[in-house]
Amino acid sequence: MSTVNQTLNTDFTLVDLTEKPQLKLLLFVLFFLMYIITLIGNLSIIVAYKLSPNLQNPMYFFLSNFSFLEMFYISSTAPKMLANFLSENKSISFYGCAAQLYCVLLLAGTEFYILAAMAYDRYNAICHPLLYTVIMRKIACIQLIVGSWAIGATNALIHTTFTFTLPYCGSRKLNSFFCDIPVLLKLACKDTFLNEIIVFIFGGGMTVGSLILTIISYVKIISTILNIHSTSGRKKAFSTCTSHLIVVTIFYGSVIFMYLRPKSSYGKDEDKLVNIMYTIITPLLNPFIYSLRNKEVKIAMKKILNRMAAALMPHTT
């Protein structure tokens, strides 16, 4: 009991990406710019969806929700990381660490199933074009989004509860720039076999489950596309899926590498690079991947910018 009480009253200490003082300011500027660009880029997709009549369809409904999620996902880790670059005090409270872990897991889990929902949307658009508007009606899209958040919230609650009921003794130094399950299990002064099983069963089941749903959608999509006789038709069908496949590959690859492995391999320095990939880089790339490869989004954004410029012109003359 005293060990648990000691744990509750003790802060954790996060670790910077580098211990070299001359690099910290450079990394702060770099990641600050990445954070601002991520927020602006994803917000632009949301604004484009809201203000453009030609984007009012399920594909862009899911994309705008995905962009909304990405803004909060990067915000769950980046601000604390940026503050630590400029501060000598890199501590985070026990409850602050628990809150951060819950948010990261909530948003990551939700992202898995929104990506699966986006794959299901593309499956219906390509494989059932005549029934697409019936299958992917507004209420069905909302249900898929709500279901994704519910799965993410449940998974995050399970992992956060089991992780923070462990006693922590000795060093409270987390070899990471945010609170994460692998580095927390490494500090526990109790056997964590049950926690590792929970990560594999619940975390692995959720991750693999959403991946299987995504793969099933794409197997059927590819099968349908290969049966299209027109080369231009095949190219157009593939072009609507490639952006989504790039995001799926980056996100799933880094998360599976990070979590579905034994405890003995936790806490290595190279894990920080993997963490950056799925918490910072993926949200940053999202607006570029979807907008630069999508003519409709680029046209919508151009129209919005033209309208803004036209509205400002009278005030500048």
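Since the structure is predicted, the reported quantities are computational estimates derived from the model, not experimental observations.
- Using a 4.5 Å cut-off on side-chain heavy atoms (C-beta onward), Leu14 and Cys179 make contact.
- Side-chain contact between Leu213 and Tyr113 is present, with heavy atoms from C-beta onward closer than 4.5 Å.
- Between the side chains of Ser87 and Asn89, no donor-acceptor pair of N or O atoms lies under 3.5 Å.
- Between Phe61 and Ile142 the shortest side-chain heavy-atom distance falls below 4.5 Å.
- Judged purely by distance below 3.5 Å, without hydrogens or angles, the side chains of Tyr123 and His128 pair a donor atom with an acceptor atom.
- Ring pair Tyr95/Phe164: centre-to-centre distance not below 6.0 Å.
- Side-chain contact between Leu43 and Leu39 is absent, with no heavy atoms from C-beta onward closer than 4.5 Å.
- Counting only heavy atoms from C-beta outward, the side chains of Ser210 and Leu115 never approach each other to under 4.5 Å.
- Of the residues listed (Asn124, Asn57, Asp121), the one engaging Tyr132 in a side chain to side chain donor-acceptor pair (under 3.5 Å) is Asp121, and it is the only one.
- Under the 30°/60° scheme for interplanar angles, the aromatic rings of Phe94 and Phe12 are found to lie parallel.
- Proximity of the aromatic rings of Tyr35 and Phe31 is defined here by a centroid distance below 6.0 angstrom, and this criterion is not met.
- Looking at heavy atoms from C-beta onward, Leu17 lies in side-chain contact with Phe85 at the 4.5 angstrom threshold.
- Note that the CD1 atom of Ile45 and the CG atom of Leu63 stand 5.0 Å from one another [nearest 0.5 Å].
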